[in-house]
> 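This is the structure, below, for whatever I ask next.
Quick note: numbers below take in every heavy atom, side chains included, and nothing from hydrogens, waters or symmetry partners.
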Amino acid sequence: MIDVINALKQKLAESGAENVYSAFDSLPVASKGKFFTVIGMRNFECSTPVYSQYTIYMPFKAELEIKVIAPESSSMETVYNYYESEIGGVIDKLSGLSSYISGMAIKHDKNIGRLVLIVTVSAGGMKKIDRETEEQT
């Protein structure tokens, strides 16, 4: 689960997006920047692993929640344009995952006084884990 969130954070950073955090981050909102993005997970499900001699393949399904938080007094158009220019293209090209946007909503978060664009991404993939070999003596 953490691997999926970190991989998405890395892809966003490589594409030039700034101020991307995981939902497990505890930094205060005031220190995160004008626009910032928080990546979390709503659901995560692993299927039965497939074993080969040297590798374990772990199929999974995940529902990612990406929140784009706008500066105070921003319009909905500003938030969506930021999402399209900084985040949307990366979501569309998640390598190694089959993914699609399954939901999008915008709301005003009363706790922080900002607009929040919430994008739900359904994704599936396969985690590859190398098996350790034991030497017999």
> Give me the atom names and distance for the closest heavy-atom approach of Glu86 to Gly16.
OE1-O, 3.8 Å
> Should the ring pair Phe44 and Phe60 be called parallel, tilted or perpendicular, given that the plane angle runs from 0 to 90° and is split at 30 and 60?
parallel
> Within a strict 4.5 Å, meaning less than it, do heavy atoms of the Val116 and Val68 side chains meet?
no
> Crowded around Met76 CE? As in, over 12 foreign heavy atoms under 6.0 Å?
no
> Kindly compute the distance separating CG (Leu117) from OG (Ser74), expressed to the nearest 0.5 Å.
12.0 Å
> Hey, what do you get for OH (Tyr83) to CD1 (Ile118), rounding to the nearest 0.5 Å?
12.5 Å
> How would you list all residue pairs meeting side-chain hydrogen bond (donor to acceptor under 3.5 Å, both in side chains) that involve residues 57-72, not counting sequence neighbours?
Arg42-Glu65, Asn43-Glu63
> State, to 0.1 Å, how close Ser15 and Leu12 come at their nearest heavy-atom pair, and which atoms those are.
OG-O, 2.9 Å
> Carefully, step by step, assess Ile69 and Arg114 under the rule side-chain contact (heavy atoms from CB on, under 4.5 Å).
CA-CA 7 Å; Ile69 296 89; Arg114 296 179 177 208; 3.5 Å; yes
> Heavy atoms, side chains only, cut-off 4.5 Å: are Met41 and Leu64 in contact?
yes
> Determine whether Val119 and Ile101 satisfy the following criterion, side-chain contact (heavy atoms from CB on, under 4.5 Å), listing intermediate values before the conclusion.
CA-CA 7 Å; Val119 179; Ile101 294 175; 4.0 Å; yes
> If I compare all heavy atoms of Ser31 with all of Tyr21, which pair ends up nearest, and what's the gap?
O-OH, 4.2 Å
> Looking only at heavy atoms, which two atoms of Ala17 and Ile87 are closest? And how far apart?
CB-CD1, 4.3 Å
> List the steps, then state whether side-chain contact (heavy atoms from CB on, under 4.5 Å) holds for Ile56 with Val50.
CA-CA 6 Å; Ile56 301 170; Val50 177; over 6 Å; no
> If we only count heavy atoms from C-beta on, is the Glu18 to Phe36 side-chain gap below 4.5 Å?
no
> Tell me, yes or no, whether the heavy-atom count around Glu77 atom CD, taken from other residues, nucleotides or ligands under 6.0 Å, exceeds 12.
no
> Evaluate the side-chain contact (heavy atoms from CB on, under 4.5 Å) criterion for residues Leu8 and Ile91: first the C-alpha distance (whole Å), next the side-chain angles of each, then the deciding distance (0.1 Å), finally the verdict.
CA-CA 8 Å; Leu8 182 52; Ile91 301 300; 4.0 Å; yes
> Which heavy atom of Val121 sits nearest a heavy atom of Ser99, and at what distance?
CG1-CB, 4.0 Å
> Any side-chain heavy atom of Lys107 within less than 4.5 Å of one from Leu115?
no
> What's the shortest heavy-atom distance between Gly113 and His108, and which atoms?
C-NE2, 3.6 Å
